[in-house]
There are 2 protein chains.
Amino acid sequence: MAVTLADVAARAGVSSATVSRVLNGNYPVAGSTRERVQRAVEELDYVVNGQARALAAATSDLVGVLVNDVADPFFGLIASALQSEIGVGGGQPDAGKLAVVCNTGGSPEAELTYLTLLERQRAAGVVLTGGAVEDDAHTAAVATRLARLARSGTRIVLCGRPPLPAGSGPEAATIAFDNRGGARRLTEHLISLGHRRIGYVTGPQGRSTTRHRLEGHRAALAARGLGPQTRAGAHAEQLIVHGGYDRGAGYDATLELLRRDDGITAIAAANDTVALGVCAALRDSGLRIPEDVSVAGFDDLPFGVDASPALTTVRIPLQDAGARAGRLVLGRVAPPPGGVATVATELMVRGSTAPPGGSR
Amino acid sequence: MAVTLADVAARAGVSSATVSRVLNGNYPVAGSTRERVQRAVEELDYVVNGQARALAAATSDLVGVLVNDVADPFFGLIASALQSEIGVGGGQPDAGKLAVVCNTGGSPEAELTYLTLLERQRAAGVVLTGGAVEDDAHTAAVATRLARLARSGTRIVLCGRPPLPAGSGPEAATIAFDNRGGARRLTEHLISLGHRRIGYVTGPQGRSTTRHRLEGHRAALAARGLGPQTRAGAHAEQLIVHGGYDRGAGYDATLELLRRDDGITAIAAANDTVALGVCAALRDSGLRIPEDVSVAGFDDLPFGVDASPALTTVRIPLQDAGARAGRLVLGRVAPPPGGVATVATELMVRGSTAPPGGSR
DNA sequence: CTGTTAGCGCGTTCAG
DNA sequence: CTGAACGCGCTAACAG
């Protein structure tokens, strides 16, 4: 049915090896022969069979990208930049690799399953994005699988997650986000504005990102003499509510926070999406932002500037990180020294935070 | 290096054919043999070589998804739902296909190039999402490529784009969005509120989505006696500014609109992202929404409800559409009668539209 | 520069 | 129920 190399060879009156050489262009072929072959290719509408090529050459055009959910702009931005980096640039089909996007939904099982699927495909590379599930058994299982992949030549890159435990085997280039530092500066900002009763809505439990951001928050409190041993610090611990990464979590958590302390003057959220839920709950409770309560998010997703007031947040250069992950997974750039590069995060102060108004 | 079927066979003391049968489970194999094989598989950590399997069985585990940009929530939502539908469900690796996401950036060349790449991979299916570029040569080129793909067994699905020209060959199931109807109802809503000087910011030119939405807008005007032959209608035509699908386009277009008519009382935008740019420009111009100017978007992306005021828009069930496209491309559901299903769009009235205040 | 010859790893006849 | 043999379509030595 489909036209094969042999068909082209027959038509051009050469051997299939010659056709292969013309196609791949890494071997000297006489100009006239090449032309005949190319004409035959065009006339027959020949398209190489990638699977056969991959099998014979032991190569692959696939790069796996594991994300929680591409519909979440955090992952969408990373995946998009990554895909654009590894994919087709100027229309030359041969330069590009294909990005296989896998929604894990944050499920450890799905993560492992997709790694298996990608191993089956002998993917050229795999990029794991976003926070890691912090469970020893799972971490070990992932490390094992990654080690096997790496051993068979698949490049591994972690983007937005902490490096694998040292000595766990696979060489994985890591692009880590400075979540802890960003969260710390954010809470320091709130404290500097004069806030003392600060609520915090965390992300889902058992995730590295959640933990790091929370640690940053606590570090800021401690540095300002608001550690848990102090009275105010003890109170601050009461104002930490565990949530998730969705808007609803922010909404619910905010109602809970107001129940615990209706004199709260600021709320920091696990990310921007949660922060919008926080804002909605505050408004529905008749509170003004930032006059009554300041709100801050994390990630600096595009919609943050269009919220009103515009959201104070911590910027992560997600697209840069995604593009860099793409270059790393293709081996186009050398891994950072030590294997891990930490990308800086930047505090973005906007209208949603202000000194406590005390107008209540 | 990597362990192969033959290795497993040797270890289990059977032929490789038997191992293959156990793995695929479509053939009778004695219980005891099966167990021995399965043990060998586990002991050796065997993982099938997808490329070899694909080559031998002439099958593929890949489904291509062409999008303008996954980072755009419009496409992200479709791609996410689609991926989740075709991917791994309950951890059974064998059920799942892999989604190859291709960012075309709206470029016709990239679209064709990715189709070639997917043809190389002998993808099981290809889903083209979002508006089509309306250029005869390009449409024909795409149709030709799709026809070839279809002929070689690749399932074709169009999601959010109009069906291929009749008789152009390939059987492609189409999920079309009722952009025209949605836009029409939206503008009717504005007219009903009392608006007469309505600005419209279009999407990029030469795209089916842009054209359909604009047609809906004009149809609404005409139905209310505001057709281009009338004086008000002629004015309305002056208030159509061509833009793009990004926020900046909305911003710039709005400034232009205000220049053309500073008595404008409503602006409809090509999509929600553009609408936010419109809002920003209005605010920066000292105008209130909706008191001075009403604003409406299109698509009902998640961030719309968190804008303030919340954005009046037209809802497209993107996730449903994406999931359905996934089922279609797997052949799990029959194509709609006639090959094309049009999904309804729904007007979502929120705070950003109101009767003209006349407070200026 | 070009043709010939082997596989790549697996699915699938066809015998037994 | 199982094994032997062939071929999927292509690349990579190895000659010439």
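Chain letters run A, B, ... following the sequence lines, proteins first, then strands; residues in each count from 1. Basis for what follows: all heavy atoms, side chains included, without hydrogens, waters or symmetry-related copies.
By the 6.0 Å contact criterion, CG on B:Asn26 is enclosed, its count of non-hydrogen atoms from other residues, nucleotides or ligands being greater than 12.
Judged purely by distance below 3.5 Å, without hydrogens or angles, the side chains of B:Thr116 and B:Arg145 pair a donor atom with an acceptor atom.
In the 5' to 3' direction, nucleotides of DNA chain D lying under 4.0 Å from heavy atoms of chain B begin and end at D:dC1 to D:dG9.
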**Prompt:** What is the per-nucleotide protein-contact pattern of nucleotides 6-13 of chain C, from the 5' end, where B denotes a base atom under 4.0 Å from a protein heavy atom, S denotes such proximity for sugar-phosphate atoms only, and - denotes neither?
**Reply:** -BBBBSBB

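Partners of A:Glu35 by salt bridge (Lys or Arg N to Asp or Glu O under 4.0 Å), not counting sequence neighbours: none found.
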**Item:** Full working for side chain to side chain contact (heavy atoms under 4.5 Å, CB included) between A:Thr129 and A:Arg161
**Value:** CA-CA 6 Å; A:Thr129 68; A:Arg161 78 167 52 186; over 6 Å; no

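Within the 4.5 Å cutoff, no side-chain heavy atoms of B:Thr33 are placed close to those of B:Val22. Side-chain contact between A:Gln121 and A:Val100 is absent, with no heavy-atom pair separated by less than 4.5 Å. At a threshold of 4.5 Å between non-hydrogen side-chain atoms, the residues A:Cys102 and A:Thr113 do not count as touching.
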